[in-house]
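A quick write-up on the structure given underneath.
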Amino acid sequence: MRSVLVQLLAVSGIVLAKRKYLVPGARWYDTDGGLISAHAGGVTKEEDTGKFFWFGERKVEGQEEGGGVSVYSSDDLLNWDYGGLALAPIEGHKYISPENIIQRPKVVFSESTGLYNMWWHADNSSYGWLLQGLATSPNISGPYTFVDAFSPMGNWSQDFGVFTDRKTGDTYALYSNGDSVAGRDDFISKMNEEKTNLTEVVYTFVNYDLEAPTIVQTDSSYYILMSHKTGYRPNNVVAFRARSLAGPWSAPFTIAPLGTRTYNSQSGFTLTLEGTEQTTHLYLGDHWDSNSLWESRYIWLPVAIDDDKGSLELVWRDVFELDAATGIWTAPEGKGYYAKDATVLGGAYKQEANFASDGTIIAGIYGNDSTVTFEGIEGTGKPQWVSFYYQNTDDMGFGDQPGGSPDRIGGKWQLRRIASVVVNGKTEELQTLYQRDTNKGIILSTPLELFLEEGSTNTITVGGLFNGVDYKGADLEKIVVYPPEE
Ligand SMILES: *[C@@H]1O[C@H](CO)[C@@H](O)[C@H](O)[C@H]1NC(C)=O
Ligand SMILES: *[C@@H]1O[C@H](CO)[C@@H](O)[C@H](O)[C@H]1NC(C)=O
Ligand SMILES: *[C@@H]1O[C@H](CO)[C@@H](O)[C@H](O)[C@H]1NC(C)=O
Ligand SMILES: *[C@@H]1O[C@H](CO)[C@@H](O)[C@H](O)[C@H]1NC(C)=O
Ligand SMILES: *[C@@H]1O[C@H](CO)[C@@H](O)[C@H](O)[C@H]1NC(C)=O
């Protein structure tokens, strides 16, 4: 699946240009132009080469489960080569057939065996087994050979995470143990040296009913991040802090502004880059799209930690540059174009909004005749990232009638609106902008890469496209145009 833009880029050869920016929530493509499909996974660094390997659930159109585990490799965390399936499903296999659940894969290296071990949440299609799966390979990129699927120390295991302590080299399995009343705990359990089995529970978060665990380690602290359990709908991820994995752990606290549902993402992995100049912790979240899981994206963000206060928060940037070698990240400055200066047509209108940056949003964006056009946009003649700041007040779903209230029983649980974006009136190059739910009064941004002509006469027109329910686009506050990557 290639977007129109990627096809255009491929024709002009631009897609082969190296990526410099990390753009949370954009469609990410590998170096062959394929949509990156590695959901709920993890990134493992190969020590000898310094290369990063990203493992995750492969979900393609028409096949959202049962796709196995894909692997991508990169030197810089920005440009990813697709390496095929690291763990391929086997027809008829008891644990890894296409009918089985193979979720949240993570890979750890064992010094004592010289093998890479892949762990995941192994299950039957109705989540009745709650096991951990193990496969090994002498090569980090695989292929991995299935070893076993088992109950960790006799207990259940659902969402799976892994953490290796940088000081001791010990590895821990992190897992929630299910949705049943008896299973609402979360475990940190130590692995053996071979990293093929669990040996003891180090800590249990009793009755928190959280999932998608990952741990960030600093010089003095550990922070465990977990989400609440709302399926593929995002919620407020929380963190706890401790000086020892065995606790005591702090009370949980949120890691992103309330109302943003963790910038519409779910936790699952964090990566610490010990660069030559600075240590940077990255949050590698999943930007699920429950309407279309294979189109789910990724929210990767830097994390700000203050060990004196025991605080950790995600740092939102529309676009940022990351140097994986030095560990330094910086964000380019963009230029904003505001709702109050834009031109509205048809039923689209400017509405007072005290939470918007200049007190105005544009509401009523609908179909192709109720649109908003931002004018006088400066461009460079090269592809540029443009962030659309919007409010989507569906609150995680329309009801089953127009105007129906969102969280009602039987609601359709739409998670996003789809807007159309047209540059300089070129409707043949229309792009789709997915605008996931925010909350009333909460503005988030979502990016698209656009071709703007050199000069300051560009226009960007936004309308509404069909999203399965109707043709509404979300309310717009502003757009921000970033400098090109070169
Ligand atoms: C999954 O396993 C559970 C427990 O053994 C069983 O009750 C359930 O029927 C199984 N589901 C399927 C689809 O086989
Ligand atoms: C591991 O990688 C090496 C070098 O690419 C290759 O020669 C070897 O066959 C691989 N081993 C397996 C088991 O895939
Ligand atoms: C799993 O551990 C919990 C305690 O955290 C316990 O209540 C539950 O019975 C255990 N389940 C199994 C199947 O051992
Ligand atoms: C894994 O560890 C458990 C105890 O922690 C033990 O009962 C079990 O036999 C071990 N499994 C293997 C395959 O060594
Ligand atoms: C505009 O939208 C209507 C349906 O809302 C559709 O029938 C029509 O083809 C669209 N026109 C263009 C130019 O996209």
Side-chain angles (χ1 to χ4, degrees), residues 57 63-68 89-104 106-137 144-165 168 170-213 215 224 226-229 231 238 240 242 244-249 252 293:
E57 297 167 27
Q63 187 198 16
E64 301 204 325
E65 293 294 345
I90 298 173
E91 206 66 59
H93 193 281
K94 179 165 181 201
Y95 296 109
I96 57 166
S97 84
E99 281 72 47
N100 288 111
I101 294 291
I102 303 175
Q103 289 180 350
R104 299 196 173 273
K106 310 283 178 295
V107 168
V108 285
F109 180 65
S110 164
E111 300 261 352
S112 77
T113 62
L115 292 175
Y116 290 91
N117 297 324
M118 179 186 289
W119 287 76
W120 68 93
H121 166 205
D123 222 317
N124 72 359
S125 62
S126 60
Y127 298 88
W129 294 346
L130 299 166
L131 305 175
Q132 290 176 359
L134 172 68
T136 63
S137 174
Y144 284 76
T145 305
F146 178 84
V147 176
D148 201 4
F150 45 86
S151 302
M153 292 173 285
N155 212 306
W156 309 291
S157 177
Q158 199 173 43
D159 273 9
F160 183 82
V162 89
F163 166 68
T164 298
D165 191 307
T168 63
D170 292 335
T171 296
Y172 298 82
L174 318 173
Y175 48 102
S176 53
N177 72 351
D179 297 331
S180 66
V181 174
R184 292 180 183 163
D185 301 335
D186 297 277
F187 294 83
I188 301 176
S189 297
K190 196 171 174 187
M191 288 192 184
N192 59 5
E193 251 183 60
E194 297 77 23
K195 302 184 184 182
T196 54
N197 197 1
L198 310 191
T199 58
E200 61 171 318
V201 174
V202 172
Y203 191 80
T204 307
F205 294 85
V206 177
N207 254 323
Y208 274 107
D209 207 18
L210 298 167
E211 64 183 7
I215 289 180
I224 188 166
M226 294 188 265
S227 78
H228 294 85
K229 292 181 177 172
V238 294
F240 305 67
S244 153
L245 289 172
W249 288 85
L293 280 182

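The structure presented is a predicted model; accordingly, all values stated were derived computationally and were not measured. Below, all heavy atoms of this structure are taken into account, side chains as well, without hydrogens, waters or symmetry copies. All ligand and atom numbering here is 1-based and tracks the order in the structure. Throughout, numbering of the chain's residues begins at 1 and tracks the sequence.
- Of all atoms in ligand 1, numbered sequentially from 1 with element shown, those under 4.0 Å from a heavy atom of Ser126 are 1 (C), 8 (C), 10 (C), 11 (N), 12 (C), 13 (C).
- Of the possible donor and acceptor atoms, one in the side chain of Lys229 sits under 3.5 Å from a partner among the backbone N and O of Gly178.
- The backbone N or O of Glu99 sits less than 3.5 Å from a side-chain atom of Ser97, completing a donor-acceptor pair.
- Atoms of ligand 1 found under 4.0 Å from any heavy atom of Gly128, numbered from 1 in the order shown, are 1 (C), 2 (O), 3 (C), 4 (C).
- Counting non-hydrogen atoms of other residues, nucleotides and ligands closer than 6.0 Å to CD of Gln63 gives a total above 12.
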Find all protein N or O atoms under 3.5 angstrom from an N or O atom of ligand 3 and list the pairs with distances, or write 'none'.
from	atom 1	to	atom 2	distance (Å)
ligand 3	2 (O)	Asn155	ND2	2.2
ligand 3	5 (O)	Asp185	OD2	2.6
ligand 3	11 (N)	Asn155	OD1	3.2
ligand 3	11 (N)	Asn155	ND2	3.2
ligand 3	14 (O)	Gly154	O	3.4

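- Within ligand 1, counting atoms from 1 as listed, the ones closer than 4.0 Å to a heavy atom of Ser125 are 13 (C).
- Per-residue contacts place Leu198 under 4.0 angstrom from the following atoms of ligand 4 (heavy atoms of the residue considered): 2 (O), 5 (O).
- No hydrogens or angles considered: a donor-acceptor pair under 3.5 Å links the side chains of Asn155 and Asn177.
- Side-chain contact, Ser157 with Gln132: a donor N or O sits under 3.5 Å from an acceptor N or O.
- For Phe109 and Tyr116, the ring centers are positioned less than 6.0 Å apart.
- Heavy-atom proximity to Asn197, at under 4.0 Å, picks out these atoms of ligand 4: 1 (C), 2 (O), 3 (C), 8 (C), 10 (C), 11 (N), 12 (C), 14 (O).
- Ring centroid separation for the pair Tyr175 and Trp156 does not come in under the 6.0 Å cut-off.
- No part of Asn192 comes within 4.0 Å of ligand 4, judged by heavy-atom distances.
- Listed by number with element, the atoms of ligand 1 under 4.0 Å from a non-hydrogen atom of Trp129 are 1 (C), 2 (O), 5 (O).
- Checking Thr199 against Lys190 by side-chain atom types alone, no donor-acceptor pair falls below 3.5 Å.
- Between Phe240 and Tyr208, the ring center distance clears the sub-6.0 Å criterion.
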